[in-house]
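Encoded as structure tokens, the structure appears first; notes follow it.
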Amino acid sequence: MSYSIAIDGPAGAGKSTIAKRVAKELGFIYVDTGAMYRAMAVYFLDKGIDSKDEEGIARACGSVSVKIMYENGAQQVILNGENVTSRLRTEEVGRMASATAVYASVRTKLVELQRELAAGTDVIMDGRDIGTCVLPDATVKIYLTASVEARARRRYDELVQKGETPQLSVIKEDIEKRDYNDMHRDISPLRRAEDAHLVDSSDMDIDEVTATILDIFSSKIKN
Ligand code: DC
């Protein structure tokens, strides 16, 4: 029997950092589903397809292939045979991913791939609809959130560390827009599954959140 941990929550709540840590502790595979939506977004951007052109996006979905590989335990996303992992983490790609994740054509394709990846393997998967749609029978579901202020501050610090000169107010606005998009779309909007544990990381560090999730998991499998 295999185990699965679903982590959902808004942008910047720390899902991927925490999921990677938990995966390492438990020896699980980590699947970053946001990276798949981002890879599709890279394709739409490269092809010059407008995010509002639903038909164009649906057509493009027919000719795009997204695959996942692991290199030294790190997830790599292969788009039509090319490794695009280094192109995924820009604000432009994040915005496009959020805008195009609303379409059934995009979601159907990626949800299928995500379920295939989880089948028969111990997995921790993060995203927006993992507990509600992709893995409704996950062993443990976590809804990881933090205040908009805390999330904007973390993103700001990350960019400053990279040598950029961001504006906190712009980052905050961007996060609010992404939250709105992700929570108000018709298909699989971001929401806490009824059986998900709520973890608010606003005043917690990475170690504390990791320990909390490991505790939730170990008490679940003991019962
Ligand atoms: O987690 P992220 O920032 O990398 O995700 C980018 C966008 O992809 C996010 O704004 C919404 C979309 N997404 C989604 O709709 N469902 C998922 N399971 C993961 C991401």
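Just follow the structure's listing: the first ligand is 1, and inside any ligand the first atom is 1.
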Would you find a donor on one side and an acceptor on the other, under 3.5 Å apart, between the side chain of Y30 and the backbone of V22?
no
May I ask you to check whether over 12 heavy atoms, not counting those of E208, lie within 6.0 Å of atom CD?
yes
When you measure from atom 3 (O) of ligand 1 to every protein heavy atom, which one gives the shortest distance, and what is it?
R178 NH2, 2.6 Å
Give the residue and atom name of whichever protein heavy atom lies nearest to atom 11 (C) of ligand 1, and the separation in Å to one decimal.
D182 OD1, 3.4 Å
Using the ring centroid of each side chain, check whether F217 and F28 are separated by less than 6.0 Å.
yes
Whether the R107 and Y37 side chains hold a donor-acceptor pair (N or O, under 3.5 Å, no angle test) is what I'd like checked.
yes
Sidechain N-carboxylate O distance under 4.0 Å for R155, D174:
no
Carboxylate-amine/guanidinium proximity below 4.0 Å for D53 and K47:
no
Taking only non-hydrogen atoms of D129 and a 4.0 Å limit, the atoms of ligand 1 in range are 16 (N), 17 (C), 18 (N)
Look at atom 9 (C) of ligand 1 and say which protein heavy atom is nearest, naming residue and atom and giving the distance to 0.1 Å.
R128 NH2, 3.4 Å
Just jot down the ligand 1 atoms closer than 4.0 angstrom to any heavy atom of G127, in number order.
17 (C), 18 (N), 19 (C)
Protein heavy-atom partner closest to atom 7 (C) of ligand 1 - residue, atom, separation in Å
A97 CB, 3.8 Å
Taking only heavy atoms of R89 into account, list the atoms of ligand 1 that are under 4.0 Å away from them.
4 (O)
Closest protein heavy atom to atom 19 (C) of ligand 1, given as residue, atom name and distance to 0.1 Å:
T33 OG1, 3.4 Å
Near R38, which atoms of ligand 1 are under 4.0 Å from a heavy atom of that residue?
2 (P), 3 (O), 4 (O), 6 (C)
Under 3.5 Å side-chain donor-acceptor pair for S201 and R154:
yes
Closer than 4.0 angstrom: is that true for some heavy atom of M36 and an atom of ligand 1?
no
Any atoms of ligand 1 less than 4.0 Å from a non-hydrogen atom of R185? List them with their elements.
14 (C), 15 (O), 16 (N)
Whether the side chain of D182 engages the backbone of L190 through a donor-acceptor N/O pair (distance < 3.5 Å, no angle test) should be reported.
no
So, 4.0 Å and heavy atoms of Q114: is ligand 1 close enough to count as a contact?
no
Using a 4.0 Å heavy-atom cut-off, which part of M40 comes near ligand 1: side chain, backbone, both, or neither?
neither
Considering only non-hydrogen protein atoms, determine which one is nearest to atom 8 (O) of ligand 1 and report residue, atom name and distance to 0.1 Å.
Y37 CB, 3.4 Å
Please report the C-alpha distance between V42 and L88 in whole Å, then the side-chain angles of each, then the deciding distance to 0.1 Å, and finally whether the side chain to side chain contact (heavy atoms under 4.5 Å, CB included) criterion is met.
CA-CA 7 Å; V42 165; L88 303 180; 4.0 Å; yes
Backbone or side chain, does any N or O of D126 fall under 3.5 Å from an N or O of ligand 1?
no
Check each atom of ligand 1 against the heavy atoms of A101 and keep those under 4.0 Å away; list them by number with element.
12 (C), 15 (O)
Answer yes or no: is there an ion pair linking D207 with R21, defined by an N-O contact shorter than 4.0 Å?
yes
SB check R95 E92 (cutoff 4.0 Å):
no
Is R107 in polar range of ligand 1, meaning some N or O pair under 3.5 Å apart?
yes
Is it the side chain (CB and beyond), the backbone, both or neither of M125 that lies under 4.0 Å from ligand 1, heavy atoms counted?
neither
